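All values derive from a computational prediction rather than experimental measurement. In the text below, chain A, chain B and the rest are named by the order of the sequence lines, each starting its count at 1.
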Amino acid sequence: MLKGIALKIKAPRGTRDLLPEDMEKYRFIEGVLRETFETFGYKEVQTPIFEKFELFALRSGDEIRNTMFTFETGEGEMALRPEMTAPICRMIAEGKINLTFKPIKLYYIGRCFRYEEPQAGRYREFWQAGVELIGSKEADADAELIVLATECLKRIGIMEYELILGDVGLLRKILETFNADYEVQNKILSDIDHTQSLINKLTTLSSREKLDKNELLALKRMVYSIEERKRRIRARYSKAHDIISEIKPDTRVYRLNELHTEEIRELVLQEVEELKKMLIIQWCYEGIRIQDKIYRLPLQAGKILLRVLEQLEGDAENVLDKAMDMFKESEEVIKELERLGYIVDLLRSAGINKVTVNLGLARGLEYYTGVVFEIHFRRLGAQSQICGGGRYDRLISEFGGPNVPAAGFAFGLDRLVLALDLQGITPPRRKVRRVLVVPVKEEVRKEAFLLALRLRREGIQAEMCLAGESLREALFRANKLNIRYVIIVGPKELSRGCIVLRDMVERLQREVSLDELPKVIT
RNA sequence: GCCCGGGUAGCUCAGUCUGGUAGAGCGCGGGGCUGUGGACCCCGAGGUCCCGGGUUCAAAUCCCGGCCCGGGCCCCA
C-alpha cells in the first residue's frame with residue numbers, strides 16, 4: 001500500500017522540520033541578529049554549503065573526518081560545512097574581499113552539519129549565526145565583539161546568560177618563553193582544557209546531595225580512569241620522586257557506592273589535586289610527542305602552569321589580580337594580562353555585570369590565538385553553550401591569504417530558540433490587518449473573490465470562505481484563526497455597493513461601502 | 001561505543017506492576033443549525049498496541065533479540 005510506504009519515510013536522524021510556530025521564533029531571532037549585526041557595521045555574506053574536505057581538515061585532528069558529512073566527487077572529497085569561520089577565511093584568502101580599508105566586518109546566518117549523536121540542543125543539521133571582524137588586532141575589537149554578542153541576547157530578551165572569558169594568548173606567551181612551538185602549545189592547551197572540564201564535572205557531581213544511577217556511574221568512570229592513570233604513571237616514571245610520591249592509588253574509588261557524600265567529596269578533592277600533578281609529569285617527564293620529536297617542558301614551566309591552573313577561574317578582577325601577581329616578573333605576560341584587564345573594563349562599562357575569567361578556557365579549537373569567550377545558558381542542560389568565539393590571528397594566512405589578524409563569534413540559533421522558550425518569551429507578533437471574506441450566497445461568490453483580491457492589494461491579509469459554508473461555520477472559523485474582521489458579502493447589501501463588516505471583538509457589525517472598506521480595517 | 005527512559009487512534013497520553021472485551025482528552029467527519037459566535041448535545045470514522053521470536057488455553061501486558069525516538073556519558077570546530 002502506498003500509505004504504508006509513505007509512513008515509513010521519516011526525516012533523517014538529527015534533523016527537524018520547522019513548523020510555522022517554530023519558524024516564527026527562528027525568524028524573530030534571525031531578524032534581531034541581522035539588525036543588531038548591521039547596527040555594528042557588519043555586512044552579510046554567504047558561502048557554499050559544502051566545501052572541499054581539506055578546508056576543514058587543515059586545522060583539526062584526525063577524528064574530525066567521522067564527525068562530518070562527506071562525499072566523494074570526481075573532483076575530490078567534499079564535506080558539508082560544520083562551521084562558518086573556515087569558509088569565510090578561505091573566501092578572504094582567495095582575495096575576494098578588498099582589504100584596503102580595514103577592518104572588514106562580515107556576518108552570516110546559515111545551516112551547518114555535523115555527523116554526531118543527537119542530543120538535547122544538538123542536531124545534525126543546525127543553524128549558526130555569527131560575525132567575523134577582519135583586520136584589527138586591537139583589544140577594543142575583542143571587546144566590541146563580546147559587547148555585540150551580549151547586545152544581541154539583550155535585544156532577543158535572553159537575560160540569564162553567563163559570560164566566560166579566556167585568553168589562549170596568555171598561555172601561549174608563557175609557553176613561548178620556554179620555546180614550546182605552536183603544535184606543542186596546542187597539545188598543552190587541549191590537556192588543560194580537558195583537565196579543566198574533568199575537574200568541573202567531578203566537583204559539580206560530588207557537590208550534589210544525591211546522585212542518580214547515571215550520575216554515579218559517570219562519577220565512577222571518571223575516578224576509575226584517574227586511578228588507572230595513576231598506576232600507569234607510577235609504574236613508568238618512578239624517577240620523578242618528588243611528585244610521584246604524592247600520587248597514591250586509593251582503593252576507596254572502587255567502593256564508591258558505600259561512601260557517604262562527605263567522603264566522596266573529600267576523595268574527589270584529592271583526586272583533583274593528583275590530576276594536576278600528573279599533568280606535570282606528563283609534560284615535563286613523559287614529554288609531548290609531535291610527529292617524531294619529543295618536547296619536554298622544563299619543570300619550572302610546568303610548575304608555573306600548575307599555579308595558573310589553581311587560580312585560573314572565577315570573578316574577572318579576582319583572577320586577573322592573582323595572575324598579575326603570579327607573573328609580575330614576565331613583561332610579556334603582564335602586557336597580555338593588562339590587555340585582558342582593559343577588555344574586562346570595557347565590558348563592565350558597557351553594563352555586563354557578571355564576567356567570569358577562565359584562563360584555562362581553550363575551546364577545543366586549535367586556531368584560536370588570543371582572547372576566547374563562551375556564553376552559556378545553563379538551563380539548557382548538557383549542551384548549554386549558546387555562543388562562542390575568539391581571536392584567530394593566524395588562520396587566514398594558513399589558508400594562503402595575507403597575514404591579517406581576525407576575530408569572530410557564532411551563535412547556535414537552535415539553542416537560542418530553546419533558551420527563548422525556557423525564558424517564556426514569545427516573539428512579538430507583527431501587526432497585520434486580517435479579514436475573513438464570506439460569500440453568503442452562491443451568486444455573490446465572484447464578487448467576494450474579487451473583493452478579497454482587492455483587499456490583498458491594499459496589503460490586507462484576506463482569507464476566503466467557500467460559498468456554501470454556513471455563516472455560523474465562517475464565524476467559528478474566524479474565531480479559531482483569530483481574525484478580527486469578517487466581511488459578509490450578501491446580494492442585498494451588494495446591490496447598494498456595500499458589505500456587512502463584523503467586528504468579532506466588539507461583537508458589532510455595520511454596513512460599509514466597498515470604497516471605504518480598506519480604510520476601516522485596522 | 002556505553003548508561004537511563006520511552007514506542008498504544010491524527011496529537012497528548014492512560015492501561016503493562018497483578019496476562020483475560022482496545023481506552024480517555026483533544027483533533028477530525030456528519031447532524032442539531034444554508035444570513036450571524038467561541039458553548040453545548042447527538043452520531044461516526046479512525047489501531048499490525050514498533051518489529052521478530054519465546055512462555056501460556058490466552059500477551060499491549062511476562063521473557064529474549066532487534067529497530068526507532070528522547071535524555072545523559074564520551075566528543076564537541
Discussion item. Please check: side-chain N/O of E83(A) versus main-chain N/O of T85(A), any donor-acceptor pairing under 3.5 Å?
Written reply: yes

Discussion item. Looking at rC49(B), which nucleotide sits across from it as a Watson-Crick or G-U wobble partner, both distances under 3.5 angstrom, or is there none?
Written reply: none

Worksheet item: How far does the P atom of rG46(B) sit from the matching atom of rG23(B), given to the nearest Å?
Response: 14 Å

Worksheet item: Between F50(A) and F71(A), does the ring centroid distance fall short of 6.0 Å?
Response: yes

Discussion item. Taking rG53(B) as the reference, what is the distance to rA14(B) when you measure between their P atoms (whole Å, please)?
Written reply: 28 Å

Discussion item. Determine whether the aromatic ring centres of residues Y107(A) and F37(A) are separated by less than 6.0 angstrom.
Written reply: yes

Dump every N/O contact between nucleotides 70-74 of chain B and the protein below 3.5 Å, one line per pair.
{"unit_1": "rG71(B)", "atom_1": "OP1", "unit_2": "A120(A)", "atom_2": "N", "d": "3.4"}
{"unit_1": "rG71(B)", "atom_1": "OP2", "unit_2": "A120(A)", "atom_2": "N", "d": "3.2"}
{"unit_1": "rG71(B)", "atom_1": "N2", "unit_2": "N214(A)", "atom_2": "ND2", "d": "3.2"}
{"unit_1": "rG72(B)", "atom_1": "OP1", "unit_2": "A382(A)", "atom_2": "N", "d": "3.3"}
{"unit_1": "rG72(B)", "atom_1": "OP2", "unit_2": "A120(A)", "atom_2": "N", "d": "3.0"}
{"unit_1": "rC74(B)", "atom_1": "OP1", "unit_2": "K201(A)", "atom_2": "NZ", "d": "3.4"}
{"unit_1": "rC74(B)", "atom_1": "OP2", "unit_2": "K201(A)", "atom_2": "NZ", "d": "2.9"}
{"unit_1": "rC74(B)", "atom_1": "N4", "unit_2": "Q119(A)", "atom_2": "NE2", "d": "2.8"}

Item to complete: Considering only atom C1', compute the distance from rG44(B) to rG35(B) and round it to an integer number of Å.
Response: 29 Å

Fill in: Ionic contact status for E144(A) with K105(A), cut-off 4.0 Å
yes

Practice prompt. Mind calculating the distance between CZ (R124(A)) and P (rA77(B)) to the nearest angstrom?
Written response: 18 Å

Discussion item. Can you measure E506(A) atom CD to rG38(B) atom C1' for me and round it to whole angstrom units?
Written reply: 16 Å

Practice prompt. For rG54(B) versus rU61(B), give the span between their C1' atoms, rounded off to a whole number of Å.
Written response: 15 Å

Worksheet item: Using atom C1' of each nucleotide, how far apart are rC50(B) and rU16(B) to the nearest Å?
Response: 16 Å

Practice prompt. Round to a whole Å and report the spacing from CG of L471(A) to P of rG38(B).
Written response: 12 Å

Worksheet item: From I460(A) CD1 over to T522(A) OG1, what is the distance, rounded to the nearest 0.5 angstrom?
Response: 9.5 Å

Fill in: rG44(B) pairs with, by Watson-Crick or G-U criteria that keep both distances under 3.5 Å
rC28(B)

Worksheet item: With a distance cut-off below 6.0 Å to the six-membered ring centre and an angular limit of 45° from the axis, does R124(A) pair with Y115(A) as a cation-pi contact?
Response: yes

Discussion item. For the C1' atoms, the ones on rC33(B) and on rG38(B), what distance do you get once it is rounded to whole angstrom?
Written reply: 16 Å

Worksheet entry | Residue whose nearest RNA chain B nucleotide is more 5′ - E83(A) or N479(A) | N479(A)

Practice prompt. Describe the nucleic acid contact of D503(A) in one word from base, sugar-phosphate, nothing, applying a heavy-atom distance below 4.0 Å.
Written response: base

Discussion item. Expressed as a whole number of angstroms, how long is the span from M504(A):CE to rA39(B):P?
Written reply: 12 Å

Discussion item. Would you measure the distance from the P atom in rC51(B) across to the matching atom in rU8(B) and give it in whole Å?
Written reply: 10 Å

Worksheet entry | Gap in Å between the two C1' atoms, one belonging to rU48(B) and one to rA9(B), rounded | 14 Å

Worksheet item: Watson-Crick or G-U wobble partner for rC62(B), using a 3.5 Å limit on both distances?
Response: rG54(B)

Discussion item. How many whole angstroms separate atom CD1 of I88(A) from atom C1' of rA77(B)?
Written reply: 14 Å

Discussion item. Could you tell me if Y392(A) and E398(A) have a donor-acceptor pair between their side chains, going purely by distance under 3.5 Å?
Written reply: no

Worksheet item: Given rC76(B), rG37(B), rG35(B), which nucleotide is nearest the side-chain atoms of I488(A)?
Response: rG35(B)

Fill in: Side-chain H-bond candidate by donor/acceptor type, Q282(A) with R229(A), under 3.5 Å
yes

Worksheet item: Who does rG1(B) pair with, Watson-Crick or G-U, both distances under 3.5 Å?
Response: rC73(B)

Worksheet item: Taking 4.0 angstrom as the limit, do K25(A) and E30(A) come out as a salt bridge?
Response: no

Worksheet item: Across the strands shown, which category fits Q128(A) at heavy-atom distances under 4.0 angstrom: base, sugar-phosphate, nothing?
Response: nothing

Discussion item. In whole Å, I'd like the distance from the CD atom of E493(A) to the C1' atom of rU36(B).
Written reply: 12 Å

Worksheet item: Looking across every strand, which nucleic acid part, if any, lies under 4.0 Å from P491(A) by heavy atom: base, sugar-phosphate, or nothing?
Response: base

Worksheet item: Given atom CZ of F476(A) and atom P of rG37(B), what is their separation to the nearest angstrom?
Response: 12 Å

Discussion item. Measure CG/D17(A) against P/rC11(B) and give the value in whole Å, please.
Written reply: 14 Å

Worksheet entry | Listed nucleotide nearest any side-chain atom of T67(A), set rA77(B), rG37(B), rG35(B) | rA77(B)

Worksheet item: Of all the nucleotides listed (rC76(B), rG37(B), rG35(B)), which has the minimum atom distance to the side chain of H194(A)?
Response: rC76(B)

